[in-house]
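In listed order, ligands and their atoms are each counted from 1.
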Amino acid sequence: MLKIHGIPRSRAFRCIWAAEEAGLPYEVIPIGFQPGFKLERAVTINPNNKIPALEDGDLVLFESLAINLHIAAKAGAPLMPAGDDGSRVMQWTLWTATEVEPHVMRWSYNAYLKPEAERVAAEAAAGKEALDARLRVLEAELAQRPFLLGAGFTIADLNLASVLYGSWLNGYDYAPFPKVKAWMDACMTRPAALSARKQREG
Ligand SMILES: N[C@@H](CCC(=O)N[C@@H](CS)C(=O)NCC(=O)O)C(=O)O
């Protein structure tokens with residue numbers, strides 16, 4: 001049984017979705033936040049004191065996207081393909097973590113996450129400008145195939161879509177990127193995604 005430490009309204013959502021997609025049994029060990037974004041209790045299982053963390057038998061992992069690669073590897077293909085496609089999964093996952101997530105977060109904090117008085121419009125605009133540049137790359141890729149690697153959904157799609165999810169749900173302008181929008185809609189309405197979203201969105 002996978003133990004996902006965290007709450008659905010956090011990056012643990014990504015791991016819940018991955019476990020659902022993999023069809024693996026899991027339980028969520030709820031560790032959340034107090035007002036002020038301090039953890040309610042120490043996440044002793046994660047040396048960074050952050051969520052999520054995963055316990056799989058003796059293995060303990062942190063970093064949500066790495067956790068997802070582990071979960072997908074347990075399920076195997078098609079969620080985690082082998083060979084060159086496995087390398088493409090790594091490429092897209094690292095692109096997500098380094099090229100996409102920082103800009104998503106910069107926009108998100110300043111567009112809807114922080115209390116209104118603390119939001120800085122120039123920060124939101126800078127995040128959007130940088131994210132739009134990455135979405136142009138993604139739009140060109142998705143013009144060639146429906147999912148990142150080809151005809152089928154893989155953990156690469158899940159990792160990227162789950163990082164874009166908050167922006168997609170909270171008013172980011174995807175109109176200039178119709179292929180990205182259609183791909184996001186398809187990813188976020190898969191049965192496994194809906195099951196994870198039900199835990200998060202209620
Ligand atoms: N890169 C890490 C980020 C983890 C992270 O920042 N988690 C947030 C919740 S979504 C957290 O625990 N924040 C509490 C804090 O930073 O003190 C991952 O993807 O797992």
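- Of the candidates Arg14, Met105, Arg11, the one placing a heavy atom closest to atom 5 (C) of ligand 1 is Arg11.
- In this pair, Phe13 and Trp17 present their aromatic rings tilted. The plane angle is within the 30 to 60° band.
- Checked by distance only, ligand 1 and Glu63 come closer than 3.5 Å through their nitrogen or oxygen atoms.
- Those atoms of ligand 1 with a heavy atom of Pro52 less than 4.0 angstrom away are 20 (O).
- A side-chain donor from one of His70 and Asp56 sits under 3.5 Å from a side-chain acceptor of the other.
- Note: no N/O pair closer than 3.5 Å links Glu101 and ligand 1 by distance alone.
- Each of the following atoms of ligand 1 lies closer than 4.0 Å to a heavy atom of Ser64: 18 (C), 19 (O), 20 (O).
- In this structure, Lys50 forms no cation-pi arrangement with Phe62, as its terminal cationic atom is not both closer than 6.0 Å to the ring centre and no more than 45° off the ring axis.
- Any N or O atom pair closer than 3.5 Å counts here, and Ile51 shares at least one such pair with ligand 1.
- Between Tyr174 and Phe177, the ring-plane angle classifies as perpendicular under the 30° and 60° cut-offs.
- Across Leu61, Ile51, Asn68, a single residue satisfies side-chain contact (heavy atoms from CB on, under 4.5 Å) together with Cys15, and that is Asn68.
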